[in-house]
Amino acid sequence: MNALANPEVGKYLNENFCSAYQKVGTFKVVGNNKQGGNVAAYFCAPDGRVLHVVAGPVGAPQLLNEAKWVVESTKKAIEEAKDDGGKFKTAFRKLHSERLRTEHGLVVQPVTFDPPDPQDKDSALTYNDPSGAAIAPKLPPPPIDGPDVKFREKQDSAAKSMGASAIKDKRGRGWVLGNQGRVHMLLAAHSMNKIETVYGTVFENILGEKISTKPVEVTKPFSWVNDGKIKRAEAQSSEKK
Amino acid sequence: MRSLSYIAAAGLWLAPFMGAYADEPVKGSKEPAVKKPAVRPAPKPKQEAHTCSGDYGTDVLFEDTPSDAAAQAKKDKKLVFVLHISGHFEDPKLT
């Protein structure tokens, strides 16, 4: 959480956002080490629709940069849309598509029309979690058209980005995208959807974590005990007392 | 003239050795040797320790739930920042 402890980041977030956190997964503590665990930061409109996501832990400069991009893009999209929600959504998806092209060298067509949701929440065939909410759907990202040759060097450096892994375009050619590239690819089609429909795809498909409500799993809860026996020095000092 | 030149040359030859024993007190003398103060590097300006002004060891102020954050954002005309974590956010060592 060093990025959030940065005073500049804290000031900008407090001035432009109202913040909250939610635990959606768990991790293991083995001895003194933490295994697993991840974080995703969502920048949303007040009605809970996702504008942008930062997947995985990032440094303070990057987090601040992304937060500023969201604020500036929102202002720009509001000016373009002029109170039309549909146009605002289209503008934001185009912005994500543009960032994927200029920063990661890949081209996707932003999805500007959302078909009606076929999932019926009250249907007997729909699985809901114990709280009654439908589980997060797996959102298909838009297909990659191909590279943008003007930004070819971005693809070359994408292999070094966090979470970099192979991805195929619609012709079957292989490319590389990191976490943020995948976020832009996802949000080029699903930006301005509610956070409960997006977080599953981000946490499981992009970050590779399992969504869980389990508490932190500690494999050795009594770390001061040496193989089930209290250390001799401590036992002797307690006897003397 | 030659003797003077010989004396000057001897003095120049012995000059480097005079500095080596400058700090050592002369035997039998009561006056303490003058020690040159050690040259210390300029002290670095002390960085003030930053204390986090927000919640859970961060500089960010968190609402209780995302719903509260959304309601507050509507009032204040701000956006919403939601952190999804797998871990124990309340303990900075574990997140």
Side-chain angles (χ1 to χ4, degrees), chain A residues 1-27 29 32 34 36-55 57 60 63 67 70-71 74 195-196 199 202-203 207 209-212 214-216, chain B residues 19-20 22-25 32-95:
Chain A
M1 292 289 115
N2 288 337
L4 296 180
N6 182 286
E8 213 179 321
V9 170
K11 183 171 177 263
Y12 192 83
L13 288 179
N14 290 334
E15 281 174 2
N16 295 281
F17 298 86
C18 291
S19 308
Y21 76 93
Q22 207 166 7
K23 183 185 162 195
V24 298
T26 189
F27 62 86
V29 174
N32 291 327
K34 185 180 99 170
N38 222 316
V39 61
Y42 297 83
F43 300 94
C44 307
D47 57 1
R49 289 186 293 168
V50 176
L51 297 168
H52 186 38
V53 181
V54 175
L63 185 62
V70 171
V71 172
T74 304
I195 189 172
E196 50 261 30
Y199 86 98
V202 171
F203 223 70
L207 293 177
E209 298 285 337
K210 284 290 176 193
I211 292 173
S212 167
K214 288 182 187 175
V216 173
Chain B
D23 291 340
E24 287 188 7
V34 176
K35 287 190 180 179
K36 290 180 186 175
V39 177
R40 290 180 185 173
K44 291 178 186 175
K46 287 183 185 174
Q47 290 180 348
E48 291 180 6
H50 170 67
T51 50
C52 292
S53 56
D55 302 323
Y56 310 116
T58 70
D59 266 336
V60 180
L61 299 169
F62 287 93
E63 303 294 333
D64 291 335
T65 63
S67 306
D68 291 345
Q72 192 62 39
K74 261 188 186 170
K75 279 186 201 171
D76 298 343
K77 292 188 181 176
K78 293 182 181 178
L79 298 174
V80 180
F81 175 74
V82 178
L83 210 57
H84 277 185
I85 54 163
S86 51
H88 191 56
F89 189 50
E90 290 82 352
D91 186 350
K93 293 174 196 172
L94 290 180
T95 306

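Sequence lines set the chain letters: A, B, ... in the order given, protein chains first and strands last, and positions in each chain run from 1.
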Among A/Gly10, A/Cys44, A/Pro57, which residue forms the greatest number of heavy-atom pairs with chain B at distances under 4.5 Å? A/Cys44
So that I know where these two stand, are B/Phe81 and A/Tyr42 an aromatic pair - ring centroids less than 6.0 Å apart? no
With only heavy atoms counted, which part of A/Ile195 is less than 4.5 Å from chain B, the side chain, the backbone, both or neither? side chain
Smallest separation among heavy atoms of B/Ala69 and A/Ser19, with atom names: CB-O, 3.8 Å
What closest approach, in Å, do A/Pro46 and B/Leu79 show between heavy atoms, and which atom pair accounts for it? CD-CD2, 4.5 Å
Side chain, backbone, both or neither: which part of A/Glu8 has an atom under 4.5 Å from a heavy atom of chain B? neither
With distance as the sole test, does B/Lys78 use its side chain to make a donor-acceptor pair with the main-chain N or O of A/Asn14 at under 3.5 Å? yes
Least distance between heavy atoms, B/Asp59 atom then A/Ala5 atom: OD2-O, 3.1 Å
Taking the side chain as everything from C-beta on, heavy atoms only, tell me whether B/Phe62 gets closer than 4.5 Å to A/Leu4. yes
Just how far is it from atom CG of A/Asn6 to atom OG1 of B/Thr58, taken to the nearest 0.5 Å? 11.0 Å
Contacting moiety of A/Phe203, where chain B heavy atoms sit under 4.5 Å: side chain
